[in-house]
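Heads up: the structure comes next, in structure tokens.
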Amino acid sequence: MTLREKVGQLNQRMYGWDAYRRTPDGGYELTDALYAETDRFEGLGALYGLMRADAWSGVEHGSGPGGDDSAALAESVQRHVLERSRLGIPALFVEEVPHGHMALDGTVLPVNLAVGATWDPELYERAAAHAAAELRARGGHLALVSALDIARDPRWGRTEECFGEDPYLAARLTEALVRGMQGTPVDGFAADKAPVVLKHFAGQGATVGGRNSAESELGSRELHEIHLLAARAGVRAGAAAVMAAYNEVDGMPCSGNRALLTGLLRESWEFDGLVMADGLAVDRLARITGDKVSAGARALDAGIDLSLWDEGFTHLAEAVERGLVKEAAVDAAVARVLRLKFRLGLFERPYGGGELPSREQGRALSTDLARASVTLLRNDGGVLPVSARVSRIAVLGPQSATVAHQSGDYTAPQHPGTGTSVLDGLRRLAPPGTDIRYARGCALTGGDLSGIPEAVAAAAASDLAVLVLGGSSARTTETDFAANGAALTTVSEMTCGEGADLAGLGLGRAQYALLDAVVATGTPTAVVLIQGRPHVVPDTAAALLTAWYPGPWGGEAIAEVLLGLAEPHGRLPVSVPRSVAQLPVYYNHKDTEYGGYVDESAEPLYAFGHGLAYTSFEYGSPSTDGHTATVDVTNTGARQGRTVVQVYLRRLITSGWPRTLELFAFEGVDLAPGECRSVSLPLDRDRLAGTKTGEIRVAGSARAALGAVPAVLEI
């Protein structure tokens with residue numbers, strides 16, 4: 001290969017939606033922009049977002065590829081690339097798969113925070129496998145999936161993309177993601193499996209003030225114990241690629257951090273896969289190096305193989321000629337790109353596509369995840385499940401009758417009529433004869449109180465009020481976007497997502513007024529939160545549930561739980577603060593003499609791992625042999641139910657200052673009324689290293705574990 005051809009393999013400079021245009025007859029034609037890009041390097045290394053559809057790309061139904069014609073479009077682009085490539089090197093099609101393939105007609109799954117609330121890696125593995133099969137059937141190759149960010153400040157708009165605040169929970173779900181999407185390949189990938197790019201590496205969830213792309217203040221220990229555990233698990237599971245994050249670690253941005261990308265990732269962890277930069281992150285290094293040519297050289301030398309939209313990587317030939325980087329570094333990166341193409345079988349079978357998995361299966365998996373994520377936080381007086389004596393239900397609130405705000409950021413436009421709102425679900429599933437009244441009450445944002453009297457009247461005339469509140473990550477065409485797709489300004493009702501960071505954690509002002517007014521009627525009230533981060537909500541209603549962003553069919557899952565047709569299985573993946581002034585409130589802080597506040601408790605409103613059931617469970621005294629923790633669990637209630645056995649370690653004598661608690665193992669257990677089961681969970685000996693004496697605590701949440709009677713584990 002010539003140096004020019006090599007450099008071309010390391011670039012994905014153009015946006016994929018600029019590679020085609022819709023023709024009057026409903027077909028597609030390739031654009032001059034694509035011709036120019038392939039001529040520039042006599043081929044095309046990779047193309048990002050050929051099938052992406054959203055407000056930023058401007059692709060919607062009628063202008064972009066759907067489930068029926070994506071594969072044909074991908075084949076057309078690939079044929080063009082092969083014609084322009086002297087050596088017949090195919091392009092790699094890179095797609096966003098944050099919670100399902102971000103394309104028209106793609107199955108939308110609940111967001112990662114909802115997945116974290118399931119505490120169910122096996123279920124998530126099945127959903128990830130479905131997403132991979134959809135991607136490959138449409139001609140895509142490489143899946144970009146958030147998995148590595150740890151939620152440490154809920155003001156961050158991308159909290160919804162995290163599995164939670166705990167590194168072990170994130171590690172287990174990252175392993176499930178890799179297994180589901182990639183299978184267990186030795187050399188190649190099956191036709192329905194997709195290599196995954198785990199993002200973001202590393203520490204992006206620790207940016208100061210919860211502000212996107214801000215600096216992070218991370219010591220080596222915090223980085224390794226909290227922010228690298230999921231990445232390590234993903235690499236061990238065989239992840240094909242990782243994406244370097246925007247943030248810096250100890251003053252050096254990840255995309256230029258050789259100690260992180262080469263010293264740790266490649267040398268210590270022996271990772272031989274692909275490292276991709278986040279969008280325009282390489283060009284940002286020019287703030288350090290002085291210009292974009294030297295920025296590209298710095299990123300390549302640090303360990304970046306594939307650039308995304310940057311100019312710096314397009315000048316790597318010049319960087320080699322100027323002596324800024326050696327051609328051997330270019331060769332190593334090109335080899336990794338080509339190896340992935342060979343593992344995908346693109347040289348033998350450059351044209352992908354196949355039969356799409358059934359949409360019914362996708363909907364069922366999405367609904368299963370949503371159902372498993374619904375978390376019951378409070379249930380005073382047994383208001384839930386809805387009693388047979390309840391004949392009149394008022395369904396209220398800005399989230400109650402819409403599906404538009406049930407899905408998170410990075411969601412493609414949906415066909416009209418797709419999905420089920422909470423109101424739809426209750427109307428369909430409630431017993432015949434149930435009188436269901438609806439009033440919106442207010443909007444998600446703003447202070448307009450004009451709709452509250454109607455909602456109050458409906459609540460006062462009912463036996464139960466279901467009040468559905470929350471936030472939204474839905475973007476519109478009116479949103480202003482940065483060059484990397486982040487929202488520059490939020491419009492309408494967008495309160496979460498990339499670029500939508502909050503200084504506080506409050507809902508819209510009118511939502512609090514609506515809550516107060518409905519509770520004041522005296523009608524028993526169940527509040528349902530549909531949200532992408534834990535918002536601060538007064539603990540005044542009789543019942544409180546959170547479903548995070550449960551996806552298009554989340555309303556059906558929520559209705560099933562409210563009516564008792566399904567059990568609330570979820571457990572909190574993050575702690576819920578009482579106020580923003582408490583932050584940080586994550587449970588696994590250092591075990592210092594933690595002072596409280598004069599004007600506020602230091603304890604969160606609801607702790608990590610918390611979640612109630614419609615039945616009750618009793619835990620026996622835990623025991624351990626040093627390798628496993630064992631406990632007997634009994635369903636002491638009258639209903640079938642699921643509990644999540646959680647094993648925490650409290651280090652007593654150790655080589656460094658210990659954390660209050662650390663999650664070490666967990667397992668969901670379904671039990672019939674009266675059933676008792678002995679549950680044994682293996683302990684990770686690697687994570688126990690450095691601990692001389694510790695306590696194993698087994699409970700249903702971190703807060704319960706703090707007060708549990710421990711079994712002592714001698715290390």
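In what follows, every heavy atom counts, from backbone to side chain, and hydrogens, waters and symmetry copies are set aside.
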Heavy-atom pair of closest approach, residues [X] and [Y]:
X      : Y      : result
Val282 : Ser307 : CG2-OG, 4.5 Å
Leu300 : Ala333 : CD1-CB, 3.9 Å
Gln414 : Pro552 : OE1-CG, 4.4 Å
Ala299 : Leu285 : CB-CD1, 3.9 Å
Val208 : Ala214 : O-CB, 3.9 Å
Ala151 : Val574 : CB-CG1, 4.0 Å

Interatomic distance, [X] atom [atom1] to [Y] atom [atom2] [nearest 0.5 angstrom]:
X      : Y      : atom1 : atom2 : answer
Glu217 : Glu222 : CD    : CD    : 11.5 Å
Asp54  : Leu104 : CG    : CG    : 10.0 Å
Leu308 : Asp278 : CG    : CG    : 7.0 Å
Thr289 : Leu324 : OG1   : CG    : 9.0 Å

Could you tell me whether [X] and [Y] make a salt bridge, using a distance below 4.0 angstrom between a side-chain N and a carboxylate O?
X      : Y      : result
Glu95  : Arg138 : no
Glu83  : Arg79  : no
Arg322 : Glu318 : yes
Asp272 : Arg343 : no

Greater than 12 external heavy atoms within 6.0 Å of [X]'s [atom1]:
X      : atom1 : answer
Asp291 : CG    : yes
Arg298 : CZ    : no
Asp39  : CG    : yes
Arg287 : CZ    : no
Glu327 : CD    : yes

Return a table of donor-acceptor pairs under 3.5 angstrom between the side chains of residues 188-195 and protein atoms on other chains or two or more places apart.
from   : atom 1 : to     : atom 2 : distance (Å)
Lys193 : NZ     : Gly180 : O      : 2.9

Are side-chain heavy atoms of [X] and [Y] found at a separation under 4.5 Å?
X      : Y      : result
Asn212 : Thr207 : no
Tyr20  : Ser76  : no
Glu267 : Thr262 : yes
His61  : Asp105 : yes
Ile226 : Arg152 : yes
Met181 : Val97  : yes
Tyr410 : Ser146 : no
Ile150 : Leu229 : no

Would you confirm whether [X], through its side chain, and [Y], through its main-chain N or O, come within 3.5 Å as a donor-acceptor pair?
X      : Y      : result
Thr477 : Ala55  : no
Glu248 : Ser216 : yes
Thr174 : Ala170 : yes
Asn112 : Val115 : no
Lys341 : Pro90  : yes
Arg258 : Asp301 : yes
His141 : Phe93  : yes

[X]: what forms a side-chain contact (heavy atoms from CB on, under 4.5 Å) with it, not counting sequence neighbours?
X      : value
Thr23  : Asp25, Glu29
Asn484 : Tyr246, Leu280, Arg284, Trp309, Ala482, Ala486, Glu498
Thr314 : Asn11, Arg13, Arg40, Phe41, Glu311

So, Tyr549 versus Ser473: side-chain donor-acceptor pair below 3.5 Å or not? yes
For the residue pair Thr159 and Arg533, confirm or rule out a side-chain donor-acceptor distance under 3.5 Å. no
Could you tell me which residues satisfy side-chain hydrogen bond (donor to acceptor under 3.5 Å, both in side chains) with Ser255, sequence neighbours excluded, listed by chain and number? none
For the salt bridge (charged side-chain N to carboxylate O under 4.0 Å, His left out) test, which of Lys6, Arg84, Arg4 pairs with Glu42? Arg4
Is the centre of the Phe271 ring less than 6.0 Å from the centre of the Trp269 ring? no
Acceptor/donor pairs from residues 232-245 side chains to any protein atom, 3.5 angstrom cut, sequence neighbours excluded:
none

